[in-house]
Student: 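Shown below is the structure under consideration.
Everything quoted here is computed from the prediction, not taken from an experiment.
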Amino acid sequence: MSTDPARTEIIVHEDERLLSAIEPIVFQSSLRCGLSTEAQQGLAAAAIAACKETFPLLNESNANRKAAVKVIITDFTDRVEVAIEHTGEALPTAGLDTFVGDAVAGSSAGLSGALQKTSVDRVQYETKSGVSRMTLVKYCDGGKKTVA
């Protein structure tokens, strides 16, 4: 089996019904990496929550195209990364203020709650040339497993 990372990119227009396409891709990448079923479900839930909370930040680049997010799922030998890219407001979908706010309020709704409950190991933010990217990182325990 190749140790090269597998990378899948999907474009999700601002329609929550389309988010169901993310889950099986995250599951497959997470399985290849060796994540437990619980960790797979958690990462998928965090990715879907991140997309939902990114939709309000989008703007349409021209009148003929609907606003959308690009979701990039990459599995490495030691981790799975789910990147959510968008143009629009250069604000992170979840930041320290939302984590602190949720902790104070005792709420676990939304992305920050999903991140806390699912033990996503790392969240990275980057804005470059008008494109904002948030990357969710989940480290794997057992390395890659062969999937038929």
Student: Nearest 0.5 angstrom please: Asp75 CG to Leu31 CG, how far?
Tutor: 10.0 Å
Student: Quick one: does Glu126's side chain have a donor or acceptor within less than 3.5 Å of a partner on Ser132's backbone?
Tutor: no
Student: If I take atom CD1 from residue Ile11 and atom CD1 from residue Ile72, how far apart are they, to the nearest 0.5 angstrom?
Tutor: 8.0 Å
Student: Report the residues that fulfil side-chain hydrogen bond (donor to acceptor under 3.5 Å, both in side chains) with Gln124, sequence neighbours left out, ordered by chain and then residue number.
Tutor: none
Student: Measure from the side-chain N and O atoms of Ser20 to the backbone N and O of Arg17, and report whether any donor-acceptor pair falls under 3.5 Å.
Tutor: yes
Student: Would you say the side chain of Val12 lies within less than 4.5 Å of the side chain of Phe55, judging by non-hydrogen atoms?
Tutor: yes
Student: Are Val137 and Val123 close enough that some pair of their side-chain heavy atoms sits under 4.5 Å apart?
Tutor: no
Student: I'd like to check Val80 versus Leu43 (side-chain heavy atoms, cut-off strictly below 4.5 Å). Are they in contact?
Tutor: yes
Student: For Ile48, check side chain to side chain contact (heavy atoms under 4.5 Å, CB included) against everything at least two apart and list the hits.
Tutor: Leu19, Ile22, Glu23, Lys52
Student: How many angstroms lie between atom CD1 of Ile84 and atom CG of Leu136, to the nearest 0.5 angstrom?
Tutor: 4.5 Å
Student: Kindly determine whether Thr87 and Leu58 satisfy side-chain contact (heavy atoms from CB on, under 4.5 Å), including the steps that lead there.
Tutor: CA-CA 6 Å; Thr87 58; Leu58 301 177; 5.8 Å; no
Student: Measuring from Phe27:CZ to Leu35:CG, what's the distance to the nearest 0.5 Å?
Tutor: 11.0 Å
Student: Could you pull out all residues at least two apart from Glu85 that satisfy side-chain hydrogen bond (donor to acceptor under 3.5 Å, both in side chains)?
Tutor: Arg133
Student: Going by heavy atoms in the side chains, are Val82 and Val26 under 4.5 Å from each other?
Tutor: yes
Student: Can you check whether Tyr139's main-chain N or O pairs, donor with acceptor, with Asp121's side chain at less than 3.5 Å?
Tutor: yes
Student: To check you understand the geometry: which heavy-atom pair defines the closest contact between Arg79 and Cys33, and what is its length?
Tutor: N-SG, 3.7 Å
Student: Going from SG on Cys51 to CD on Glu16, what distance comes out if it is rounded to the nearest 0.5 angstrom?
Tutor: 10.0 Å
Student: At what distance, to the nearest 0.5 angstrom, does CD of Glu9 lie from NZ of Lys70?
Tutor: 4.5 Å
